Protein chains: 2
Amino acid sequence: MSAAPAKHDVFQAVADPTRRKLLSLLGDGERPLKDITGHFSMTRTAVSKHLRILSEAGLVKERRVGRETRYSLDTEPLLELKAWLSYFDRFWENKLSMLRAYVESDTDESS
Amino acid sequence: MSAAPAKHDVFQAVADPTRRKLLSLLGDGERPLKDITGHFSMTRTAVSKHLRILSEAGLVKERRVGRETRYSLDTEPLLELKAWLSYFDRFWENKLSMLRAYVESDTDESS
DNA sequence: TTGACATGAAACCATATGGTGTCATATAAT
DNA sequence: ATTATATGACACCATATGGTTTCATGTCAA
């Protein structure tokens, strides 16, 4: 099988406030859809769609139990975000690097 | 209805791969739009729109110098992302918390 | 002053996104 | 067996998003 095209990545998944709230909620443990829906002011279908997107990004696992689908958090994909952020660490960790960046950008001043 | 500001937040800003590439580029220092555009296969206008979105999120500063607009990186808003991510630290930092979450979600098993 | 250059602004377009409502189906409860 | 529940699958809709092209304007160079 060829690797899944991964329609939604973790950056997109996390971009929506509803989905971020979903992740926090699931941080407390596995929950069925109906239970989750109670925490939002939108329809069950809408919540389900958000969970689908989170699932495609690997942030959530689904598991059928009886007639309900239980969702649980998987934080592993957040490591990609963490890694991406770490690229910018040099801009906070010490003022010298910030100064260097400033000086480098200031070599062609014309006014 | 009242016209909402509809501003862009840092999560949305960072969701687009082009914009993430822009941030890396600007990590090397301030650059004028024309220079930036050369690194992408889209039109100058499109790049400009992306920079506008980054600017609204506070991730980029614009500065007019003669007839060009120079863009520079401001990583400060990324701290919000970092802070949000830190909420999930407990899921990686020790296996015990993961185990706890698992056990808590497993109290109503019916299989 | 004339013309090239860098950018902004606006109109437009196709597709993605975030929502809704309705209906079908599997499972649980009576 | 019948009914209530939980969910998924669709069809549909309005707006956002990411891109284009065209035109206007301010600035630099001859």
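What's counted below: heavy atoms across the whole structure, side chains too, no hydrogens, waters or symmetry copies. What you see is a predicted model; the values in this text were computed from it and never measured. To find a chain, count down the sequence lines: A is the first, B the second, and so on, and within it residues start at 1.
- What separates CD of A:Q12 from C1' of D:dG18 is a distance of 12 Å, to the nearest Å.
- By the 4.5 Å heavy-atom criterion applied to side chains, B:F91 and A:D74 are not counted as neighbours.
- Residue-level contact check: B:F40 touches neither bases nor backbone, having no heavy atom under 4.0 Å from any strand.
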Nucleotides 20-24 of chain D: which of its N/O atoms have a protein N/O under 3.5 Å away?
| residue | atom | partner | partner atom | Å |
| --- | --- | --- | --- | --- |
| D:dT20 | OP2 | B:T43 | N | 2.9 |
| D:dT20 | OP2 | B:T43 | OG1 | 2.5 |
| D:dT20 | O4 | B:K49 | NZ | 3.4 |
| D:dT21 | O4 | B:T45 | OG1 | 3.4 |

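- Dashed line: the shortest gap from a side-chain N or O of A:S48 to OP1 or OP2 of D:dT7 is not under 4.0 Å.
- Between the C1' atom of D:dA4 and the CD atom of A:E68 lies a distance of 15 Å, rounded to the nearest Å.
- Atom NE2 in B:H50 sits roughly 8 Å away from atom C1' in D:dG19 (whole-Å rounding).
- The two residues A:D16 and A:T18 have their closest heavy-atom pair at OD1-N, 2.8 Å.
- Whole-Å rounding puts the A:D35 CG to D:dT5 P distance at 16 Å.
- The distance between atom NE2 of A:H8 and atom P of C:dT15, rounded to the nearest whole Å, is 16 Å.
- Atom CZ in B:R63 sits about 14 Å away from atom P in C:dG8, given to the nearest Å.
- Between A:R64 and C:dA26, a side-chain N or O to OP1/OP2 separation shorter than 4.0 Å is absent.
- Annotation: ring pair (Phe, Tyr, Trp, His ring centres under 6.0 Å) contacts involving residues 56-86 of chain A, sequence neighbours excluded, comprise A:F11-A:W84, A:W84-A:F88.
- The distance between atom CG of A:L33 and atom C1' of D:dT7, rounded to the nearest whole Å, is 7 Å.
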Identify all pairs in which a protein N or O lies below 3.5 Å from an N or O of nucleotides 28-30 of chain D, and state each distance.
none

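- Here side-chain hydrogen bond (donor to acceptor under 3.5 Å, both in side chains) pairs that include residues 38-52 of chain A, with residues two or more places apart or in two chains, are A:R19-A:H50.
- Distance CZ (A:R52) to P (D:dG8): 7 Å, rounded to an integer number of Å.
- The two residues A:M42 and A:A46 come nearest to each other via the heavy atoms SD-CB, 3.6 Å.
- A donor-acceptor pair under 3.5 Å links the side-chain atoms of B:R20 to the main chain of B:V14, judged by distance alone.
- The two residues A:A13 and A:L59 make their nearest non-hydrogen contact at CB-CD1, 3.9 Å.
- Contacts of A:A15 classified as side chain to side chain contact (heavy atoms under 4.5 Å, CB included), with partners at least two apart in sequence or in another chain: B:A15.
- Shown here are the side chain to side chain contact (heavy atoms under 4.5 Å, CB included) partners of A:S24, two or more places apart in sequence or in another chain: B:Y87.
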